[in-house]
Amino acid sequence: MENYNIDEIRSDFPILERQVWGKPLVYLDNTATSMTPRCVVDAIENVYYHHKANVHRGVHTLSQEATDMQETTRERVRQFINARSTEEIIFTRGTTEAINLVAASYGQLLENGDEIIVTTMEHHANIVPWQLLGRNKRIILRVVPINADGEIDRIAYSSLFNDRTKLVAMCHVSNVLGTVNPIKELIAEAHQNGVPVLIDGAQAVSHIKVDVQDLDADFYAFSAHKMYGPTGIGVLYGKKYLLEMMPPYQGGGEMIGTVSFNNTTWADLPFKFEAGTPDFVGIAALRQAIDYMESIGVERIAAHEHDLLQYATEQMMTIPGMRIFGTSASKCAVISFLVGNAHHYDMGMLLDKLGIAVRTGHHCAQPLMHSLGIEGTVRASFAAYNTRQEIDAFIAALRRVAAMLQ
Ligand code: PLP
């Protein structure tokens, strides 16, 4: 792609210089976690070396600096997803915790017999929290099927709404199929039925420019470590009116107004949902990750990845016995596949010996695997720093491994 300086981008990621089993590392497990550029690691170091103090608790200079860093990131995240207010940005440990927060808190507003719509392609993080709700009351999960290309069955989706439907919870992008769901339309349809929508954006934010107001999402969850950021940090965006009606998720410091043994009141948003000391170091560094991605441009990264997706898919299709799961025209750079009768685990192990890091298994989407009639796949996924040369190395290794296992 023109003006896409891949060498410069790669030089920002020291880990890409690594060797594995004496071969240059070809890292194609970006869906699980993406690598971290030097500027983000420097930001972490900067807090530890120069500004570390607990946030929102001290009048002393270091505490004020650390608090400023955290709250500057909150404003940066607000801009990044175009939320109306920083009150709508809650820091969590990741997408998983963000969804659990909504399930535990919004879930308290649900009643016996209420229904939640999810899709067949959900990650366990967007299935199990809703099932846990069922420990105390009967909550019914209605599941939208998918078609042969791995796209949501729109007719089935429409047919699932009724007056017991209280939430739709679905992914923006599937971590297995790569499918980009038409969430703006799906959200609008849910709203016509008076139902709010939670979007699991874990696989979307580093590939698609997200505007929560334009999408009209009610909740949107994502993880920093999948967007070139630090581990252990995530974001829950929620519309203010919903967050206001929801009870706290966890109790402790920071989330209170006043505490007495008889009566405790809650802090205002967003702090009502942020009990205890947050990972303020990681939060500070999340700002660098967003700045880094936006300095390249999310759309330009996506165009680069799309080129790799097409380049890899075309070559993979020439390998005898190749089956690719997820063939939607609207797809992110994720390729899940099987070759003949070769076991996905064996393929992953052998590819690793050739320096190629891919994912194998059910990818935390067992219900999807069941619907596809398989146990697991091999998954290759691409990021800003992957190259066509790496795809060539991957394809050459894949041909060798496939031939060995036939
Ligand atoms: N949702 C999707 C679609 C994912 O791909 C993942 C992780 O792979 C998650 C949720 C969970 O993210 P985390 O483990 O960062 O909480």
Side-chain angles (χ1 to χ4, degrees), residues 27-36 40 77 90-104 116 118-132 143-144 146 150-152 168-181 183 186 197-208 210 217 219-237 249 273 278-279 282-283 285-286 289 305 325-326 328 330-336 357-369 371 376-383:
Y27 183 75
L28 303 181
D29 193 16
N30 295 287
T31 301
T33 196
S34 53
M35 294 311 190
T36 313
V40 172
V77 172
I90 295 158
F91 290 119
T92 65
R93 284 190 301 123
T95 308
T96 303
E97 191 181 47
I99 299 174
N100 273 277
L101 189 165
V102 178
I116 297 176
V118 295
T119 82
T120 307
M121 65 175 89
E122 297 313 315
H123 187 281
H124 296 164
N126 201 21
I127 300 173
V128 185
W130 311 115
Q131 291 174 329
L132 288 177
V143 184
V144 191
I146 55 172
E151 296 164 332
I152 282 179
V168 173
M170 69 181 152
C171 59
H172 194 166
V173 174
S174 160
N175 66 314
V176 177
L177 307 165
T179 313
V180 181
N181 288 321
I183 57 165
L186 298 170
V197 182
L198 175 141
I199 300 294
D200 169 355
Q203 295 301 340
V205 282
S206 58
H207 311 285
I208 297 172
V210 170
F219 299 104
Y220 196 100
F222 56 97
S223 302
H225 71 98
K226 294 184 195 287
M227 47 185 278
Y228 312 103
T231 57
I233 293 296
V235 172
L236 173 68
Y237 158 80
Y249 165 56
F273 290 107
D279 181 356
I283 292 171
L286 169 58
E305 291 167 347
F325 301 89
S328 173
S330 181
K331 186 175 168 177
C332 274
V334 178
I335 310 180
S336 282
V358 290
R359 200 69 167 184
T360 60
H362 54 64
H363 316 298
C364 296
Q366 281 183 347
L368 173 60
M369 294 298 138
S371 87
T377 69
V378 185
R379 183 184 69 188
S381 51
F382 314 137

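Both ligands and their constituent atoms are indexed starting at 1 by order of listing. Keep in mind that the numbers below use all heavy atoms, side chains included, and drop hydrogens, waters and symmetry copies.
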task: Output all residues satisfying salt bridge (charged side-chain N to carboxylate O under 4.0 Å, His left out) with Glu122, sequence neighbours left out; order by chain, then residue number.
output: none
message: I'd like to check the ring-ring contact (aromatic ring centres under 6.0 Å, His included) partners of His225; sequence neighbours left out, ordered by chain and number.
response: none
Within the protein, flag every N or O under 3.5 Å from an N or O of ligand 1, and note the pair and distance.
unit_1	atom_1	unit_2	atom_2	d
ligand 1	1 (N)	Asp200	OD1	3.2
ligand 1	1 (N)	Asp200	OD2	2.5
ligand 1	5 (O)	Gln203	NE2	2.7
ligand 1	8 (O)	Lys226	NZ	2.6
ligand 1	15 (O)	Ser223	OG	2.7
ligand 1	15 (O)	His225	NE2	2.7
ligand 1	16 (O)	Thr95	N	3.3
ligand 1	16 (O)	Thr96	N	2.8
ligand 1	16 (O)	Thr96	OG1	2.6

task: Check the angle between the aromatic planes of His362 and His124 and answer parallel, tilted or perpendicular using the 30° and 60° thresholds.
output: tilted
message: Applying salt bridge (charged side-chain N to carboxylate O under 4.0 Å, His left out) as the test, list every pair that has at least one member in residues 90-99; sequence neighbours left out.
response: Arg93-Glu97
message: Is the shortest side-chain heavy-atom distance between Phe91 and Leu286 below 4.5 Å?
response: yes
message: Within the 4.5 Å heavy-atom criterion, are Thr92 and Phe273 side-chain neighbours or not?
response: no
